[in-house]
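Lettering of chains follows the sequences in order, A, B, ..., and the numbering in each one begins at 1.
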Number of protein chains: 2
Amino acid sequence: MLSSACQYGLRAMIYLAQQPGDAYLPVRRISSTLDVSHPFLAKILQQLVVKDLLVSLRGPSGGVKLARASTDIRLNDIVLAIDGQKVFDSCVLGLPGCGHRRPCPMHEAWGELRSNFCSMLEETTLAAFAERTEVGGFRLTPM
Amino acid sequence: MLSSACQYGLRAMIYLAQQPGDAYLPVRRISSTLDVSHPFLAKILQQLVVKDLLVSLRGPSGGVKLARASTDIRLNDIVLAIDGQKVFDSCVLGLPGCGHRRPCPMHEAWGELRSNFCSMLEETTLAAFAERTEVGGFRLTPM
DNA sequence: TATATTGAGGACAAGAGAGTCTTAATTCAA
DNA sequence: TTGAATTAAGACTCTCTTGTCCTCAATATA
Ligand code: SF4
Ligand code: SF4
């Protein structure tokens with residue numbers, strides 16, 4: 001459904017949203033906390049910098065931080081930046097040009113699932129997600 | 001969500017369910033109708049033969065046909081045979097061992113989506129799908 | 001029986017996604 | 001001013017999926 005890169009990106013952004021204050025956080029710190037490879041995560045976060053979801057600073061005490069308030073970034077923004085629009089157009093049977101005309105028999109059921117998924121991503125802000133993560137003792141790492 | 005192989009397999013099975021009579025249908029016929037590569041489809045259908053969803057016969061007037069009545073094969077069976085159980089355990093954030101303990105904040109929403117998807121595959125028989133395909137003028141091919 | 005037709009099976013090629021590595025550019029701080 | 005820390009950028013490798021190709025075995029039919 002979502003690529004690994006996108007999943008890592010989401011987890012990193014949620015982790016960043018949990019950070020108090022406004023300091024830059026080194027990517028190396030994030031990658032070791034989330035237990036993903038540092039070079040790979042760096043490349044992913046670079047994409048988010050380009051898309052203006054993160055700002056970065058080089059040098060000592062540099063790193064990365066959210067470009068906007070966490071209440072103003074939605075999961076949707078991140079998914080779109082990394083995986084692109086195709087996620088939201090995906091189809092069960094993989095037929096191109098799906099749903100426009102003569103949809104397949106699955107379209108009614110699938111279309112609803114897909115739009116629910118989109119709504120979930122569009123409506124959830126990083127802030128909401130991060131808060132729930134802290135309050136509920138939820139996890140972002142495998143263990 | 002589903003691999004290409006699985007999507008091709010589904011389309012082929014639906015097409016087979018639409019066939020009247022009980023004759024064997026050559027894989028080459030199926031592949032050209034669905035506009036997918038013949039060797040690739042052949043390999044996929046082989047898996048379905050092994051899993052007893054299809055029976056095959058070599059030689060002239062040989063081919064492939066459903067092993068059971070189309071009312072007795074569910075989309076679920078096909079997906080399981082080709083992509084395996086992992087499809088039904090997939091997770092938005094890709095965390096291993098998901099949902100068992102300390103689920104992530106997305107779990108409530110995602111879990112429901114995932115179970116709806118599973119239900120759809122479990123409840124839909126090939127017969128139902130094929131009938132809808134014919135009645136509604138739906139399509140199985142790109143154009 | 002001879003032959004054409006078909007699936008079975010395995011080796012192989014191409015592509016995409018995931019992940020690594022190295023070097024350069026930038027910036028803070030001693 | 002020097003050096004260490006950190007991101008930026010791109011080339012590179014690995015692995016898995018997708019897709020191709022060729023040969024062999026089976027079988028209906030003439
Ligand atoms: S018609 Fe809808 S459900 Fe069917 S293949 Fe296209 S997008 Fe998927
Ligand atoms: S807890 Fe649920 S939604 Fe969250 S990562 Fe695991 S399976 Fe996915």
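- For the pair Q46(A) CD and dA25(C) C1', the interatomic distance rounds to 12 Å; values are reported in whole Å.
- The shortest non-hydrogen separation linking I44(A) to G9(A) is CG2-CA, 4.1 Å.
- For H38(A) and dA8(D), the NE2 to P distance is 10 Å, given to the nearest whole Å.
- In this structure, L34(B) places its CG atom 16 Å from C1' of dG19(D), rounding to the nearest Å.
- For the pair T125(A) and T71(A), the tightest heavy-atom approach, listed with the atom from each and the gap, is CG2-O, 3.7 Å.
- Residue contacts for P39(B): at a heavy-atom cut-off of 4.0 Å it reaches a base atom on one of the strands shown.
- In this structure, of dA28(D), dA8(D), dA29(C), it is dA8(D) that holds the atom nearest to the side chain of S56(A).
- Using cut-offs of 30° and 60° for the angle between ring planes, the F117(A) and F88(A) rings count as tilted.
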Which pairs, protein N/O on one side and nucleotides 14-17 of chain D N/O on the other, fall under 3.5 Å?
none

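- Atom CZ in R58(A) sits about 18 Å away from atom C1' in dA29(C), given to the nearest Å.
- When rounded to the nearest whole Å, the span between CD of Q47(A) and P of dT7(D) equals 16 Å.
- Counting only heavy atoms from C-beta outward, the side chains of D77(B) and M13(B) never approach each other to under 4.5 Å.
- Residues G62(A) and V50(A) both approach DNA chain D. Their nearest nucleotides, taken by heavy-atom distance, put G62(A) toward the 5′ side.
- Tested against L121(B) for a side-chain contact (heavy atoms from CB on, under 4.5 Å), the candidates V87(B), V79(B), L10(B), L80(B) yield a single pass: V79(B).
- Counting heavy atoms from C-beta outward, Y15(B) and I30(B) have side chains that approach closer than 4.5 Å.
- In this structure, L57(A) reaches the sugar-phosphate backbone alone: every heavy-atom distance under 4.0 Å involves primed, P, OP1 or OP2 atoms, never a base.
- OP1 or OP2 of dT20(D) sits under 4.0 Å from a side-chain N or O of S37(B).
- Side-chain atoms of K43(A) come within donor-acceptor range of the base of dT20(C), with a qualifying N/O pair under 3.5 Å.
- The heavy-atom pair separating S31(A) from H38(A) by the smallest distance is OG-CB, 3.5 Å.
- Summarising the geometry, the separation between CD1 on I82(B) and C1' on dT18(D) is reported as 14 Å, rounded to the nearest angstrom.
- One interatomic measurement links the two molecules: CZ of F40(B) to P of dG10(C), which rounds to 17 Å at whole-angstrom precision.
- Put simply, CZ on R29(B) is 15 Å from C1' on dG7(C), counting in whole angstrom units.
- At dA18(C), none of the side-chain N or O atoms of Y8(A) fall inside 4.0 Å of OP1 or OP2 (strictly under the cut-off).
- Of the two residues contacting DNA chain C, namely L2(A) and P60(A), the nearest-nucleotide position lying further toward the 5' end is that of L2(A).
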